[in-house]
Number of protein chains: 2
Amino acid sequence: MDESQLSDRQRQVLEAIRRLKQENDMPPTLREIAEAVGLKSVASAKYQIDQLKNMGWLDQIDNVSRGISFSDQGSRHQQEQEAAAESNVHIGKFVRVPLVGRIAAGGPILAEQNIDEWMTLPESLVGKGDIFLLKVKGDSMIDAAICEDDMVAVRIQKTAENGDIVAALLDDSATVKTFKQRDGHTWLLPRNSNYEPILGDEAQIMGKVVAVLRSL
Amino acid sequence: MDESQLSDRQRQVLEAIRRLKQENDMPPTLREIAEAVGLKSVASAKYQIDQLKNMGWLDQIDNVSRGISFSDQGSRHQQEQEAAAESNVHIGKFVRVPLVGRIAAGGPILAEQNIDEWMTLPESLVGKGDIFLLKVKGDSMIDAAICEDDMVAVRIQKTAENGDIVAALLDDSATVKTFKQRDGHTWLLPRNSNYEPILGDEAQIMGKVVAVLRSL
DNA sequence: TAAATAAGCGAACAGATGTTCGAAACAGAT
DNA sequence: ATCTGTTTCGAACATCTGTTCGCTTATTTA
């Protein structure tokens with residue numbers, strides 16, 4: 001899904017849709033699009049729309065007037081463009097981060113088959129760096145106010161400092177714990193009195209937890 | 001331009017237009033409005049629209065599908081009534097939400113002078129609706145895994161159900177508590193054994209907490 | 001060069017949408 | 001009860017809108 005795959009005409013159509021939608025506060029009709037980009041036939045406009053639909057840039061509700069909308073991928077592009085263009089209001093940058101599902105030991109943390117979905121988050125929330133999202137299993141960090149099913153944003157780094165909350169790979173599964181080094185050993189401390197500290201010498205540190213997200 | 005001039009049906013129509021427009025990202029058709037408010041004839045819907053048009057609440061482009069929009073006056077009223085409902089700019093699958101700082105009792109919850117900054121969040125995180133962000137003060141909700149300085153996303157609504165975590169206006173300051181109605185009284189329950197339940201009969205419910213964000 | 005593909009055009013069609021009209025139901029005032 | 005204004009309904013109509021089809025033109029490929 002690269003913008004370079006778009007022809008001039010297709011770029012023109014996308015930009016026209018964005019502009020007309022903003023001007024009129026509703027998506028344009030095929031004929032409005034045709035006129036905006038200089039096409040003399042409605043069918044030509046529909047042809048372009050169908051192309052962009054197949055490429056995943058647009059969604060359209062069939063047989064519904066003005067039923068054109070940007071798809072997830074398309075709107076993300078639009079969003080980033082608008083955010084960059086709208087300089088009078090401070091919006092900041094965005095980071096597109098993968099939500100990692102299955103964890104495979106040994107292999108690279110991030111692999112395409114492990115990624116469930118993508119989410120775009122403001123950089124003010126997760127900071128800079130290589131970030132991925134992990135869904136929390138269990139309640140071992142409840143005293144650190146991290147619950148089951150929370151999503152944690154993890155900045156990839158191989159080590160950590162005492163007290164950092166980290167995501168670590170242990171026995172083929174990812175876990176979130178407090179990092180502590182003492183007496184030459186690495187400990188992964190749960191924050192729940194029902195659990196015992198784990199000796200983490202063999203654990204692989206995936207990164208540091210930099211944000212917590214919870215949907216209720 | 002007083003709301004008291006509006007009949008129940010007219011209020012119903014305005015609310016339906018606002019809701020449908022937000023849900024579908026485009027203004028509704030007359031038939032969609034008719035169905036939404038329980039009118040069985042398109043002509044009835046048009047009759048109501050014409051009334052509201054003559055009263056200055058709505059604008060409409062003739063013979064254009066989905067050509068209904070709020071007039072300046074209508075939008076302004078909408079803003080006052082819904083506590084800046086129109087302030088949230090929906091861009092694709094993202095929602096631009098204001099971070100509310102100071103809270104003034106009595107006045108509208110959201111006012112420009114109260115907004116510190118804006119943040120754009122994915123709709124998958126906060127859901128649909130009119131959302132604002134609030135920074136949590138104190139540790140009274142620590143057992144609900146909500147810490148001091150966390151940001152909570154609040155969906156504006158005037159009431160709540162038992163067990164919901166809500167943001168409420170109490171004594172000129174905003175507070176986050178668990179909502180509970182019992183014996184004809186409204187209680188705002190902290191989730192920290194060091195605090196006592198608060199009788200919330202006089203409190204104004206700002207909305208329901210739908211997400212928690214924490215930067216570490 | 002010839003075939004294949006992409007892009008555009010015009011026309012016709014079906015469905016969606018806004019508009020208009022007359023009649024009926026309803027509530028309040030006389 | 002009668003009148004009057006408001007609101008709703010159903011139907012018909014005109015326009016707008018999306019869809020489909022055949023055809024042409026330009027570009028690319030064999």
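A, B, ... follow the sequence lines: proteins, then strands. Residue 1 opens every chain.
Proximity of a side-chain donor or acceptor of A:Ser215 to a complementary backbone N or O of B:Ala211 within less than 3.5 Å is not detected. Counting only distance, with no hydrogens or angles, the side chain of A:Arg9 and the backbone of A:Gln48 share no donor-acceptor pair below 3.5 Å.
Atom CZ of B:Arg31 and atom P of D:dG10 are 13 Å apart (whole Å). B:Ile33 places its CD1 atom 17 Å from the P atom of C:dA16, with the value rounded to the nearest Å. When rounded to the nearest whole Å, the span between CG of A:Leu30 and P of C:dT17 equals 14 Å. Taking atom CD of A:Glu35 as the reference point, atom C1' of D:dT17 lies 15 Å away to the nearest angstrom. A:Met26 has its CE atom 8 Å from the P atom of D:dT17, to the nearest Å. One interatomic measurement links the two molecules: CD1 of A:Ile68 to P of D:dT17, which rounds to 12 Å at whole-angstrom precision. A straight line from CD1 of B:Ile17 to P of C:dG18 spans 11 Å, rounded to a whole angstrom. Distance CG (A:Leu52) to P (C:dA7): 10 Å, rounded to an integer number of Å.
Distances shorter than 4.0 Å separate some side-chain N or O of B:Lys46 from OP1 or OP2 on C:dT19. Between B:Ser44 and D:dC9, a side-chain N or O to OP1/OP2 separation shorter than 4.0 Å is present. At D:dT8, none of the side-chain N or O atoms of B:Tyr47 fall inside 4.0 Å of OP1 or OP2 (strictly under the cut-off). Within the 4.0 Å cut-off from OP1 or OP2 of C:dG8, at least one side-chain nitrogen or oxygen of A:Gln48 is found. Of the side-chain N and O atoms in A:Ser65, one or more sit less than 4.0 angstrom from OP1 or OP2 of C:dT17.
Side chain of A:Ser41, nearest nucleotide from D:dT17, C:dG10, C:dT17: C:dG10. In this structure, of C:dC9, D:dT20, C:dC21, it is C:dC9 that holds the atom nearest to the side chain of A:Leu39. Comparing C:dG18, D:dT8, D:dA11 by their nearest atom to the side chain of B:Arg9 picks out D:dT8.
With both pairing distances under 3.5 Å, C:dT30 is matched to D:dA1 as a Watson-Crick or G-U wobble pair.
Summary of the strand contacts: B:Val64 and B:Gln51 both lie near DNA chain D, and taking for each the nucleotide with the nearest heavy atom, the more 5' one is attributed to B:Gln51. With the nearest nucleotide of DNA chain C identified for both B:Arg66 and A:Lys40, A:Lys40 has the one nearer the 5' end.
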Worksheet item: For B:Arg155 and B:Asp164, what are the C-alpha separation, side-chain angles and deciding distance, and is it a salt bridge (Lys or Arg N to Asp or Glu O under 4.0 Å)?
Response: CA-CA 12 Å; B:Arg155 185 180 63 218; B:Asp164 284 352; over 6 Å; no
Item to complete: Let me see the working for B:Ile68 and B:Ile33 under side-chain contact (heavy atoms from CB on, under 4.5 Å), right down to the final yes or no.
Response: CA-CA 11 Å; B:Ile68 299 174; B:Ile33 296 172; 3.7 Å; yes
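None of B:Arg191, B:Glu148, B:Lys177 except one satisfies the side chain to side chain donor-acceptor pair (under 3.5 Å) rule with B:Ser140; the exception is B:Lys177.
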